[in-house]
Amino acid sequence: MPIGISSLLKAPVVYVTGKGGVGKTTVAAAIAYDASRHGQRAALVEFDDGEAGERTLGADRSHVAHVVLRYDKSLVDTLGSILGAKIIARALVSHHALRRLISAVPALREFAFLDRVCALASSKRYDRIIVDLPASGHALDWLRVPNAFARFLGRSPLGVLGRRIHDEVVAVGMSEIVVVTLAEPLVVKETEQLCERMKNELGTVPSVVVVNRVMMPDPDGAWEAVVALAERHPALASDAKELLDILRARSDQVDDTEYAFGLARAVQARHVIRLPDAAADPSAADVAQWLCAEASS
Amino acid sequence: MSPIDMSPEGAGPASRPAPPPMGTRLSVCVGGGGVGKTTTSAALALSLAQRKRKTLVITVDPARRLADALGTEVGRHAQPVTLDRAGGMLFARMPDSRMSLDDFVLWLFEDPVQRQRVMNNPAYRELGDSLAGVHELITIGLLQTEIDSGHWDEVVLDTAPSRHALAFLTYPSRLLGLLEAKALAWLAALASTADPSQAEHKPKSGLFEWGRSKAEAIMGKIVGLDGLRNLSALFADMVSVRERWAGLARRTDHLLRNPSTRYLIIGAPTGGAMADAAFLVDNLGRNGLKPSAIVLNRAESEPPLCEQRVMQAISDALFDVPEQHLLALRNTLETMQNEHQLRGQAATRTMSALQDIAPAGTRVLRLPFIHRSEPSAIVIALADAWLATGSDL
């Protein structure tokens, strides 16, 4: 039996982040899928818009609870838990003047969402909650919000709640972070900066760095064959040269992968996992399988 | 006078009459992450410069992607791009997002005492960075300065890689609405009168009689009195410079709705990019705007001919090399053909899906997959592709 990717992650709440377009949601869905395949009750959490998770989970959706948190509802739930009654909260947010006022409180949106993640975690309905966070820089801002509220609002109910959210679903040990990156130097550099900030601002490092869309090296000898062709058949020399450019670009990409891998190791993540490049969109089930194969090797 | 040079002229009530049409054309490139938006925007800018249009490309991508793509240094100020092809007509600029929030406050508040008070406010210190829309505002301010400068024939803006990047379209007017709302004036007044004993111990009765004291009591209950006082003070300061906000909102609205401003949605042949493109078309539509073009980037069409010719040479037994080299070459070419096929299918599928979602009058363009690795070579090849797509681009 393959060792699942979820066995590399110990904490009940897992945040998945990375630069936009690197395959964050696919990896998040794959981790949730894998956890559920190994008998855990798993939830994939997305904010406001569940389109990406829906598309990636596809037909396998039934194994994983797909929780899409909407801001309006999250805010009512959060305020309701402070005020002791949802009806007051609902009246508060639907009051014409107060509604605008509330919308102006900085970072309340992030706060309400993380409060709902906290509520999901304490409901004990799931063994594993995989949260698809926004891209890189924003993800850190998100995770800093509960603590910022705690500092700024002190012993007020919102401040106390901020402390609780931080302790229960953000603090080291309660949650883990998975960072998805690509085997491209620029993307990896950004990942390196993200991990640096993570260490300085949250005091943690990612548990797993997933290097996505890794190119496999071409077999040795192709280059020599094309060079020989150009020498022997001048009529094909320009085609041969063009093909050599393409082969060089491919091998550069493989070199980039090695470089990216080195950087990913240097951020001191517990595990660095690579996923192959699949010229077409893979499903969560495909990715879960690759993750397992890589995790056990 | 401020480090981001957001010229204050026209920010006040005097700017009421609509300014004449701009001499500078703005192209806003939007798209989800990972579609090659920065590279594509740089290529568009280069193709405009090659047409002898004096062009500035602005990226908000914090990574050094633009610098890398243009093979040049890109900083906080507009700098010339040294690519030969640009012929001295292309410039690039990248705002520093970390510094800009304080810069913005410097611009917004002319009174040094008030400015200092805002910067010392705990609500600003702890949460200012997370204030939704702040980075959009900064981009808008910068954009406005460059357009007002009259230096440019073309400005190409590479927005944040997110389907929500268009939020900046409505941000200034939303903020203005907020600042003019009664609640803020009320909260601002509260700042000077906040009294702990009063707000904490108001009796709770008549749930639906939303009197002012009731609302105060509830807000006080949620954020606490210190929090309420800090937030109120911050809002009071923001309300006091309402005219400056209003000026910014009006000018931005004019800029973004100017008929010469065009929106380009950049996509790629993946399910995610496709969904983002559809979202962006909708979003523009809700703002009464329409993309000039939807651009499918990395659309593989015909595989390079050289691959087929070399494959043919293998069949024709033109090679005189060790068997294992030949085998390696054959395997590599087969792998490449397989990739071309998958990419080609994805491109065809995406292209027809994009044509389905394109509003009438919006062109759907495809830019090829560039089989190169150096970012500047990709930009140059893509600029040629832009030039080949048609005269108005």
Under a 4.5 Å cutoff for heavy-atom pairs, which residue among A:Ser238, A:Pro219, A:Ala52 has the most contacts with chain B? A:Pro219
Between A:Arg151, A:Arg248, A:Glu51, which shows the greatest number of heavy-atom pairs under 4.5 Å with chain B? A:Arg151
Name the region of [X], side chain, backbone, both or neither, that has any atom closer than 4.5 Å to a heavy atom of chain B.
X        : answer
A:Leu79  : side chain
A:Asn147 : neither
A:Leu182 : neither
A:Asp252 : side chain
A:Leu236 : side chain
A:Gln253 : neither

Is it the backbone or the side chain of [X] that comes under 4.5 Å from a heavy atom of chain A, or both, or neither?
X        : answer
B:Thr270 : both
B:Leu333 : side chain
B:Asn331 : side chain

Show the nearest heavy-atom pair for residues [X] and [Y], with the distance to one decimal.
X        : Y        : result
B:Cys306 : A:Asp239 : CB-O, 3.4 Å
B:Gly271 : A:Arg55  : C-NH1, 3.5 Å
B:Leu329 : A:Ala222 : CA-CB, 3.7 Å
B:His371 : A:Ile246 : CB-CG1, 4.1 Å

To the closest 0.5 Å, what do you measure between [atom1] ([X]) and [atom2] ([Y])?
X        : Y        : atom1 : atom2 : answer
A:Arg155 : B:Asp226 : CZ    : CG    : 9.0 Å
B:Met336 : A:Asp218 : CE    : CG    : 7.5 Å
B:Leu318 : A:Arg232 : CG    : CZ    : 10.0 Å
B:Asp316 : A:His233 : CG    : NE2   : 9.5 Å
B:Thr332 : A:Trp223 : OG1   : CH2   : 12.0 Å

More than 12 foreign heavy atoms under 6.0 Å from CG of A:Asp220: is that the case here? no
Are side-chain heavy atoms of A:Glu224 and B:Val321 found at a separation under 4.5 Å? no
Among B:Asp320, B:Leu327, B:Asp276, B:Leu305, which residue has the highest count of heavy-atom pairs closer than 4.5 Å to chain A? B:Asp320
Charged N to carboxylate O under 4.0 angstrom, B:Glu339 versus A:Arg250? yes
